[in-house]
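Before any comments, here is the structure.
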Amino acid sequence: MRLSRYFLPVLKENPADAQIVSHRYMLRAGMIRQQAAGIYSWLPLGFRVLRRIEEIVHQEQVRAGHIPLLMPTLQPADLWRESGRYDDYGQEMLRIKDRHERDMLYGPTNEEMITDIFRSHVSSYKDLPLTLYHIQWKFRDELRPRFGVMRGREFLMKDGYNFDIDKDAALHAYNRHMVSYLRTYERMGLTAIPMRAASGPIGGDNTHEFLVLANTGESEVFYDDRVTSLKLGARDIDYDDRSQVAEVCKEFTTLYARTDETHDQAVFDQIPEAHRKVGRGIEVGQIFYFSTKYSEPMGAVVVNDKGERVPVHMGSHGIGVSRLLGAIIEASHDDKGIIWPEGVTPFPVGIVNLKQGDSAADAACEGLYKALKAKGLEALYDDRDERAGAKFATMDLIGLPWRITVGPRGLANGVVELTSRRTGESEEMSPEAAVDRVAQIYAGR
RNA sequence: CGGAGCGUAGCGCAGCCUGGUAGCGCACCUGCUUCGGGAGCAGGGGGUCGGAGGUUCGAAUCCUCUCGCUCCGACCA
């Protein structure tokens with residue numbers, strides 16, 4: 001993408017309403033535009049990152065054996081009357097009437113609807129296990145939206161639902177989700193710690209929240225800091241292998257890590273003092289096992305191998321997709337702007353032409369741009385007629401992890417500069433070498 | 001929802017107290033100079049002062065109502 005033809009409305013000054021760094025940078029980098037309290041348009045740069053995050057979530061869900069579908073944003077109230085949540089949910093649920101005065105609602109979550117789909121089409125234990133998920137916009141009419149996309153009213157969420165014949169099978173689904181989530185967050189360059197959580201209005205007694213450590217987080221967290229060095233890495237996981245998956249979960253949940261909701265000071269005090277940490281975290285996901293809470297009232301039953309009709313065991317599992325943008329920025333930025341991890345960056349690399357109009361510089365940039373494209377990498381080429389300082393400032397702000405700087409001075413020696421946004425370190429090399437290096441960095445992305 | 005505050009150009013703000021017909025910086029447009037970390041000079045365009053009533057010869061400014069947004073607290077992916 002050539003910046004001169006892109007739509008990237010960056011701001012030099014900080015918008016007054018943005019209180020936290022991720023919100024400020026998302027506005028300044030031209031990623032979002034607020035339309036109402038807690039409701040945002042996604043401008044091209046923000047939209048690219050959102051799509052990228054969504055893609056990673058999809059890939060890891062499918063890898064775990066979960067099946068994508070898509071349910072609507074608007075739902076009939078009757079389904080919610082069946083589960084009893086139409087009255088329980090309160091003002092957070094946006095209620096709407098259609099032209100025939102039928103009660104509708106903008107879905108805050110989809111347990112009822114997925115259960116309805118399940119009960120109409122599945123009737124035998126032979127069709128289990130089954131996990132369906134979607135990534136869809138939700139609306140929760142928060143009392144107080146704030147912090148940009150971190151706490152919006154409209155937000156994009158991945159929500160998945162497992163249907164299993166018994167508790168053991170459902171707990172395996174729970175574990176499978178935990179592992180797939182760990183992998184999902186790692187691919188985004190995040191350390192998200194599973195912490196035992198309290199169940200909210202969704203219900204259930206087995207639940208973990210995934211927290212990204214950040215001092216702007218809304219939850220207070222207590223943890224043994226050795227959890228932060230646990231990594232899933234590239235290990236090969238068979239998601240159908242119950243014991244292997246359970247082992248991974250055990251590895252990641254044995255060390256103490258809890259939010260203020262479930263914190264137990266007595267247990268916490270037993271951690272060696274050097275590892276005992278109190279901090280703040282951003283909740284980026286949550287998994288639940290809630291047994292037959294929805295299947296029973298809504299009649300989601302299957303016939304088991306003895307010919308008996310039994311309610312299925314369910315769980316629901318969510319990842320806040322739009323919130324993740326904020327969380328990633330909170331975890332990865334400096335005073336100049338965002339620093340995108342390679343996994344989610346809107347463009348893999350930026351090209352800065354220091355002297356637009358200089359025939360050698362222009363030609364070198366064009367060559368780099370095309371060579372990168374040939375390797376499947378779409379660079380953001382700053383071909384504007386701006387001074388070097390303005391171009392650097394823009395690149396730093398929008399946070400592309402790698403930058404190739406091209407100027408007449410370097411070209412006279414046959415080199416361009418490859419700079420890491422994270423470390424600020426630069427290395428001079430030939431344009432061909434720069435392309436190869438970038439391609440190597442993104443190999444297997 | 002309880003408490004506090006703010007709505008004046010795309011963004012950041014001044015003007016309001018003490019009414020007299022709207023201003024500054026950034027951004028934008030034109031020209032010249034400049035050009036390896038947000039350039040300088042000159043010129044220019046853009047605003048129903050959130051909205052509706054009211055007071056007044058006259059309202060961004062005073063009064064009433066209303067809408068929106070933000071912050072602190074209690075709740076949530």
Side-chain angles (χ1 to χ4, degrees), chain A residues 9-20 23-24 27-28 30 33-39 53 57 89-93 107-110 135-160 181 192 197-202 207-212 217-219 259 261 281-288 316-327 336-337 352-358 361 382 384-397 403 405-412 416-417 419 424 426 428:
Chain A
V10 299
L11 302 173
K12 251 187 187 178
E13 290 174 276
N14 281 322
D17 289 343
Q19 299 298 308
I20 62 170
H23 190 195
R24 275 205 300 276
L27 290 168
R28 285 194 51 203
R33 158 92 186 164
Q34 181 170 335
Q35 306 292 172
I39 299 176
I53 290 175
V57 171
Y89 222 93
Q91 293 288 299
E92 253 191 33
M93 178 186 280
T109 179
N110 287 66
I135 296 178
Q136 177 62 289
W137 292 94
K138 306 290 189 291
F139 195 91
R140 293 184 191 171
D141 203 356
E142 300 280 349
L143 286 177
R144 192 177 159 214
R146 63 185 129 170
F147 301 151
V149 300
M150 297 268 281
R151 189 164 182 67
R153 290 193 293 171
E154 186 184 53
F155 58 97
L156 189 61
M157 181 168 95
K158 172 261 159 182
D159 44 323
Y181 279 23
S199 61
I202 294 177
T207 174
H208 279 84
E209 290 177 338
F210 291 77
L211 279 291
V212 171
E218 292 192 87
S219 313
T259 66
E261 292 173 332
I282 301 164
E283 193 190 325
V284 293
Q286 185 158 12
I287 54 178
F288 285 99
S316 75
H317 317 277
I319 292 180
V321 173
S322 47
R323 174 180 282 184
L324 273 166
L325 275 90
K336 291 179 192 159
V352 169
N353 186 343
L354 291 173
K355 199 169 176 70
Q356 206 69 43
D358 177 274
D382 191 344
R384 295 173 303 166
D385 188 17
E386 288 283 348
R387 298 161 64 91
K391 292 191 177 187
F392 289 142
T394 299
M395 280 295 172
D396 288 344
L397 175 63
R403 183 184 82 207
T405 309
V406 180
R409 198 184 293 172
L411 288 176
V416 297
E417 218 172 88
T419 306
S426 288
E428 292 193 334

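Reminder, nothing fancy here: chain letters follow the sequence lines and each chain counts from 1.
- The pairing partner recorded for G68(B) is C6(B), the criterion being a Watson-Crick or G-U wobble arrangement whose two distances lie under 3.5 angstrom.
- As judged by a 4.0 angstrom heavy-atom cut-off over every strand, Gly90(A) is placed among residues making no nucleic acid contact.
- Looking at the side chain of Glu218(A), the nearest of the listed nucleotides A77(B), C75(B), G38(B) is C75(B).
- Arg403(A) contributes a side-chain N or O that forms a donor-acceptor pair with the base of G37(B) under 3.5 Å.
- Nucleic acid contact for Gln19(A): sugar-phosphate only, since backbone atoms but no base atoms lie under 4.0 Å from a heavy atom of the residue.
- Comparing C71(B), A77(B), G36(B) by their closest approach to the side chain of Phe155(A) singles out A77(B).
- Across all strands shown, Gly38(A) has no heavy atoms under 4.0 Å from either base or sugar-phosphate atoms.
- Among G37(B), G38(B), C75(B), the nucleotide with an atom closest to any side-chain atom of Asp396(A) is G37(B).
- Picking from G37(B), C69(B), C71(B) the nucleotide with the shortest atom distance to the side chain of Lys336(A) gives G37(B).
- Under the rule for a ring-ring contact (aromatic ring centres under 6.0 Å, His included), Phe155(A) has no partner lying at least two apart in sequence or in another chain.
- Note: CZ (Phe147(A)) to C1' (G73(B)) measures 12 Å, nearest angstrom.
- A straight line from CZ of Phe392(A) to P of A39(B) spans 12 Å, rounded to a whole angstrom.
- Of all nucleotides listed (C1(B), C26(B), A77(B)), C1(B) comes nearest to the side chain of Leu143(A).
- Contact between Asn353(A) and Lys391(A) at its shortest, heavy atoms only, is O-NZ, 2.7 Å.
- Rounding to whole angstrom units, CE of residue Met93(A) and P of A77(B) are separated by 14 Å.
- When the salt bridge (Lys or Arg N to Asp or Glu O under 4.0 Å) test is applied to Arg24(A), no partner is found at least two apart in sequence or on another chain.
- Here Thr419(A) pairs with Ser426(A) under the side chain to side chain donor-acceptor pair (under 3.5 Å) rule; sequence neighbours left out.
- Residue-level contact check: Ala393(A) touches the bases, meaning some heavy atom is under 4.0 Å from a base atom.
- Going from atom NZ of Lys391(A) over to atom P of C35(B) covers 15 Å, rounded to whole Å.
- Checked against C35(B), G36(B), A77(B), the side chain of Arg323(A) finds its nearest nucleotide in A77(B).
- Looking at residues two or more places apart in sequence or on another chain, you find a ring-ring contact (aromatic ring centres under 6.0 Å, His included) between His317(A) and His177(A).
- Residues passing the salt bridge (Lys or Arg N to Asp or Glu O under 4.0 Å) test with Arg153(A) are Asp141(A), sequence neighbours excluded.
- With rounding to whole Å, Arg409(A) atom CZ is found 11 Å from C35(B) atom C1'.
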Produce the list of close N/O pairs, under 3.5 Å, pairing protein atoms with atoms of nucleotides 12-16 of chain B; give distances to one decimal.
residue: G12(B); atom: OP1; partner: Ala16(A); partner atom: N; Å: 3.1

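- Across G43(B) and G38(B), the matching C1' atoms stand 23 Å from one another, rounded to whole Å.
- The separation between Ile287(A) atom CD1 and C76(B) atom C1' is 18 Å, rounded to whole Å.
- Residue Glu283(A) has its side chain nearest to A77(B) when only C75(B), A77(B), A39(B) are considered.
- Protein atom CD of Glu142(A) is 15 Å distant from nucleotide atom P of C1(B), rounded to whole Å.
- Spacing between atom CG of Leu354(A) and atom P of C35(B) amounts to 14 Å, rounded to whole angstrom units.
- The phosphate of C35(B) (OP1 or OP2) has no side-chain N or O of Lys355(A) nearer than 4.0 angstrom.
- With both pairing distances under 3.5 Å, C1(B) is matched to G73(B) as a Watson-Crick or G-U wobble pair.
- Considering only heavy atoms from C-beta on, Phe147(A) stays 4.5 Å or farther from Arg323(A) through its side chain.
- Residue Gly285(A) is classed as a sugar-phosphate contact, given heavy-atom separations below 4.0 Å to backbone atoms only.
- When the C1' atom is used for both A77(B) and C62(B), the distance is 48 Å, rounded to whole Å.
- Here the separation of A60(B) from G7(B), taken at their C1' atoms, is 12 Å to the nearest Å.
- Contacts of Lys158(A) classified as side chain to side chain donor-acceptor pair (under 3.5 Å), with partners at least two apart in sequence or in another chain: Gln61(A), Tyr181(A).
- Arg151(A) contributes a side-chain N or O that forms a donor-acceptor pair with the base of C75(B) under 3.5 Å.
- For C28(B) and U21(B), the C1' atoms lie 27 Å apart once the distance is rounded to whole Å.
- Within the structure, a side-chain polar atom (N or O) of Gln34(A) is placed less than 4.0 Å from OP1 or OP2 of U70(B).
- Annotation: G36(B) and G23(B) have their P atoms spaced 37 Å apart (nearest Å).
- Distance check on atom P: U8(B) versus G50(B) gives 6 Å, rounded to whole Å.
- The side chain of Thr405(A) has G36(B) as its nearest neighbour among A77(B), C75(B), G36(B).
- Listed by chain and residue number, Tyr106(A) satisfy the ring-ring contact (aromatic ring centres under 6.0 Å, His included) test with Phe139(A) (two or more places apart in sequence, or in another chain).
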Sort me out a list of protein N/O and nucleotides 28-32 of chain B N/O pairs below 3.5 Å, or just none if empty.
none

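- On a pure distance criterion of 3.5 Å, a polar donor-acceptor pair joins the side chain of Arg28(A) and the base of G38(B).
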